[in-house]
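Heads up, the thing below is written out as structure tokens.
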Amino acid sequence: MTEQQDENKLIAQRRGQLAALREQGNPFPNDFRRDALAADLLVAHGDRDAEELESLGVRAAVGGRLMSRRVMGKASFAHLQDMSGRIQLFVQRDNLPEGVYQQFKKAWDIGDVIGAEGQLFKTKTGELSIRVDSIRLLTKSLRPLPEKHHGLTDQEQRYRMRYLDLIMNEDSRKTFRIRTEAVRFLRNYLDGQGFMEVETPMMQVIPGGAAARPFVTQHNALDMRLYLRIAPELYLKRLVVGGFEKVYEINRNFRNEGLSTRHNPEFTMLEFYQAYADYHDLMDLTEDMLRGLAEQVLGTTKVRYQGDEYDFGSPFTRMTVKESILHFNPDIDAAELDDLERARAVAERLEIPLKASHGLGKAQIEIFEKTVEHRLMNPTFITAYPTEVSPLARRNDADPFVTDRFEFFVGGREIANGFSELNDAEDQAERFRQQVAEKDAGDDEAMHYDADYVRALEYGLPPTAGEGIGIDRLVMLLTDSPSIRDVLLFPHMRPE
RNA sequence: GGGCCGUUAGCUCAGUCGGUAGAGCAGUGGAUUUUUAAUCCAUUGGUCAUAGGUUCAAAUCCUAUACGGCCCA
């Protein structure tokens, strides 16, 4: 958008007012100091009656954005909005120095940032208000705010101009406060369990730890290609090798994929690793942590999402991939899932396209994703993922066809993925070689061979379990948001 | 990538069968010293997303493009 394109008469008018204000001095002063927030005043004095307030004579200086103005001749009511909420101002001509009321009425606009001071009182309708005896313009706003009662509803504008969305929509402010509170809870929880927060590279020479297409960038001085990370996993496990036996990181991952209501190119992941633990321990931890999270952030373990309700209070369901397929597909026989040819026939019946290179494990997962995943509504752990689709997970001792791995689902969506780590360096090397073969065969999401990671494992990774939790999807659940864009302050958008 | 829907005043939205572009809020002028979607009177404001096409005539019908929303892969 060019500078001039969206100018209009309303903006021109305000520029005129600003020019007039410049004549009188700096229209952007920064010497006003407030001593109260709207919500704090309401908490402290909202319940007092008119006489009590009058006798107490409480004064307050508030700063905020002018959100409404009702002029009734020589007196006006207005609402000021600050970071905490809103408070009403009662502005009277005869209570202000000569000329100030006229400025308030004519030169200032809704949307301007104002500082005001006066005594608290109750209006005859009982609303706590400030009887203003001092008021100043602190920032002139040049653009008109959206309509006061419908607000800003256009999704595109809400995403592109989040600042305006935040000014206008309390729901939006609430969503991002919950997001911050949720992340804070998770940090506190893990800190309390003795985990250490760390930061690992966002730019990697070999993008590892997940199956995804990376973003590519260029380091000029070293003249080399670098990748934005798709996961921190392999670095966090190097730290466990180094003796930091309980670590976590909350940070951005980048995946070069399409956009959808569940996908943004950059998204936030919590990953944590714990030595001398297995995937059962992490399921227990996850269950306790997420139940506590819901209680802390929502005040209840019943999470309402898009008209449904998910119960985080009861023990989370746990079943294997195969059990879940049989549970949701009564027409499939257990034996059909144990034979590649028969599993392929099942996939064909379900209209799932399989590549010739896909083995039995991949076939099972395709059937699972098509028929089970979207039906896992209440919190559910699915375990025993095939080794074929789990190149970094430890094989199960009793059944090496599967790994000691789980994924966690709520509302039909994958929220977390965890497993006992593969710490057999020779097995890991072999699995990397298989991934490379798949990449050579055309799978551009297959992993690279990471020789330094294998070398780290050769020094010895203690028995360890690790997990990743998708923060954005978790916050979507907690805030009843239908799109990932609703929980990202600045979601990725095509250029205007 | 495919399908469906949307784009009209600063914002929220109407716009009939193709026949002069509408409302509310905001703004502007006026009245108003307890309003809170304040009220009352008057009033300004439009590249109907963009580019083509059909037609005597297009916001309206057709095509393409852009951006967005929803669903599917």
Side-chain angles (χ1 to χ4, degrees), chain A residues 1-2 4-17 38 42 46 50 53-54 65-81 85-96 101-102 104-112 118-133 141-165 167-169 213 257-264 306 350-355 366 369-370 373-374 412 481-486 491-496:
Chain A
M1 158 165 34
T2 62
Q4 293 302 319
Q5 242 167 8
D6 63 343
E7 290 283 306
N8 63 45
K9 190 178 152 192
L10 298 175
I11 294 174
Q13 214 164 54
R14 290 180 175 215
R15 284 195 193 281
Q17 289 167 340
L42 285 163
L53 265 177
E54 214 56 55
R65 194 178 296 276
L66 190 65
M67 296 304 289
S68 67
R69 185 171 50 183
R70 296 173 291 283
V71 179
M72 294 163 304
K74 298 182 185 66
S76 299
F77 287 96
H79 272 102
L80 208 64
Q81 176 170 292
R86 290 188 182 191
I87 188 150
Q88 181 168 258
L89 306 179
F90 185 44
V91 186
Q92 299 162 98
R93 189 193 67 178
D94 297 342
N95 213 17
L96 291 170
Y101 186 71
Q102 190 65 18
F104 167 80
K105 247 172 59 169
K106 292 296 171 192
W108 304 352
D109 288 292
I110 287 169
D112 287 354
Q119 186 173 319
L120 293 182
F121 77 109
K122 276 275 175 75
T123 63
K124 72 178 186 189
T125 56
E127 178 169 350
L128 185 71
S129 307
I130 298 176
R131 185 180 289 113
V132 172
D133 50 44
S141 162
L142 295 173
R143 291 175 179 270
L145 290 180
E147 199 249 0
K148 62 184 169 191
H149 132 247
H150 296 95
L152 185 70
T153 62
D154 184 85
Q155 286 290 4
E156 184 172 355
Q157 294 205 61
R158 293 183 57 198
Y159 296 148
R160 286 191 194 278
M161 297 194 281
R162 183 66 87 188
Y163 39 90
L164 194 54
D165 177 43
I167 290 172
M168 297 308 298
N169 295 316
R213 271 189 287 265
E257 295 161 353
L259 299 135
S260 81
T261 50
R262 288 188 289 279
H263 297 87
N264 196 66
Q306 303 294 296
L350 294 165
E351 296 174 351
I352 300 168
L354 287 181
K355 289 182 189 159
E366 293 287 335
E369 286 179 356
K370 168 98 177 193
E373 192 168 314
H374 64 279
S481 299
S483 169
I484 194 170
R485 289 181 160 187
D486 298 323
H492 184 79
M493 302 287 282
R494 286 190 168 85
E496 288 179 74

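Convention: sequence-line order gives letters A, B, ...; per-chain numbering from 1. Atom set for the values below is all heavy atoms of this structure, side chains included, hydrogens, waters and symmetry mates excluded.
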Flag yes if more than 12 heavy atoms outside A/Gln306 fall under 6.0 Å of its CD atom; otherwise flag no.
yes

Could you work out the separation of B/A23 and B/A9 based on their C1' atoms and round it to a whole Å?
11 Å

Atom pair distance, as rounded to whole Å: CD in A/Gln155 and C1' in B/U12:
14 Å

For B/A26, take OP1 and OP2 only and decide whether either is under 4.0 Å from a side-chain N or O of A/Lys148.
yes

Do the side chains of A/Leu142 and A/Arg14 get nearer than 4.5 Å, heavy atoms only?
yes

Would you give a per-nucleotide map of nucleotides 27-34 of chain B, 5' to 3', where B means the base has a protein non-hydrogen atom under 4.0 Å away, S means only the sugar-phosphate does, and - means neither?
SSSS-BBB

Looking only at atom C1', what distance separates B/A21 and B/A58, rounded to whole Å?
13 Å

May I ask you to evaluate whether A/Arg494 reaches the phosphate of B/C67, defined as a side-chain N or O under 4.0 Å from OP1 or OP2?
yes

Rounded distance (Å) that lies between atom C1' of B/A9 and atom CG of A/Asn8
9 Å

Answer for the Watson-Crick or wobble partner of B/U50, both distances under 3.5 Å, is B/A64

Under 3.5 Å, N/O pairs linking protein and nucleotides 71-73 of chain B:
none

Determine the Euclidean distance between corresponding C1' atoms of B/G45 and B/G10; express it in Å to zero decimal places.
10 Å

Under 4.0 Å between a side-chain N or O of A/Arg70 and OP1 or OP2 of B/U35?
no

Which part of the nucleic acid, if any, lies within reach of A/Gly258 when heavy atoms closer than 4.0 Å are counted: base, sugar-phosphate only, or nothing?
nothing

Counting any heavy atom closer than 4.0 Å, what does A/Glu127 reach on the DNA or RNA strands: base, sugar-phosphate only, or nothing?
base

Between A/Gln92 and A/Lys74, is there a side-chain heavy-atom distance shorter than 4.5 Å?
no

Would you measure the distance from the C1' atom in B/G68 across to the matching atom in B/U33 and give it in whole Å?
48 Å

Side-chain heavy-atom pair A/Arg131, A/Leu89 within 4.5 angstrom cut-off
no

Do A/Leu259 and A/His492 have side chains that approach each other closer than 4.5 Å (heavy atoms only, starting at C-beta)?
yes

Between B/C11 (C1') and A/Ile11 (CD1): distance, integer Å
12 Å

From CD1 of A/Ile484 across to C1' of B/G69 the rounded distance in Å is 16 Å

Starting at the 5' end of RNA chain B and moving along, which residue's nearest nucleotide shows up first, A/Glu156 or A/Gly126?
A/Gly126

Atom pair distance, as rounded to whole Å: NE2 in A/His492 and C1' in B/C67
13 Å

Reckon A/Arg485 touches a base, only the sugar-phosphate, or nothing at all at heavy-atom distances under 4.0 Å?
sugar-phosphate

When the distance from CG of A/Leu80 to P of B/U35 is rounded to whole Å, what number comes out?
21 Å

What interatomic distance, in whole Å, is found between P of B/U16 and the corresponding atom of B/U7?
12 Å

Would you say B/C13 has OP1 or OP2 under 4.0 Å from some side-chain N or O of A/Thr153?
yes

Show the nearest heavy-atom pair for residues A/Pro144 and A/Leu10, with the distance to one decimal.
CG-CD1, 3.8 Å

Distance, C1' atom - from B/U20 to B/G24, rounded to whole angstrom
23 Å

Just name whichever nucleotide pairs with B/C70, Watson-Crick or G-U, keeping both distances under 3.5 Å, else none.
B/G3

In whole angstroms, how far is the C1' atom of B/A9 from the CG atom of A/Leu145?
17 Å

If I pick the P atom on B/C17 and the same atom on B/U60, what distance separates them, to the nearest angstrom?
15 Å

Phosphate-side-chain proximity, A/Gln88 and B/U35, N/O vs OP1/OP2 below 4.0 Å
no

Heavy-atom distance under 4.5 Å between the side chains of A/Lys105 and A/Arg93, does that happen here?
no

Which nucleotide in the list B/U12, B/A37, B/G68 gets nearest to the side chain of A/His150?
B/U12

Touch class at under 4.0 angstrom, heavy-atom based, for A/Met168 against every strand present:
nothing

Round to a whole Å and report the spacing from CD of A/Glu147 to P of B/C13.
9 Å

Within the 4.5 Å heavy-atom criterion, are A/Glu496 and A/Arg160 side-chain neighbours or not?
yes

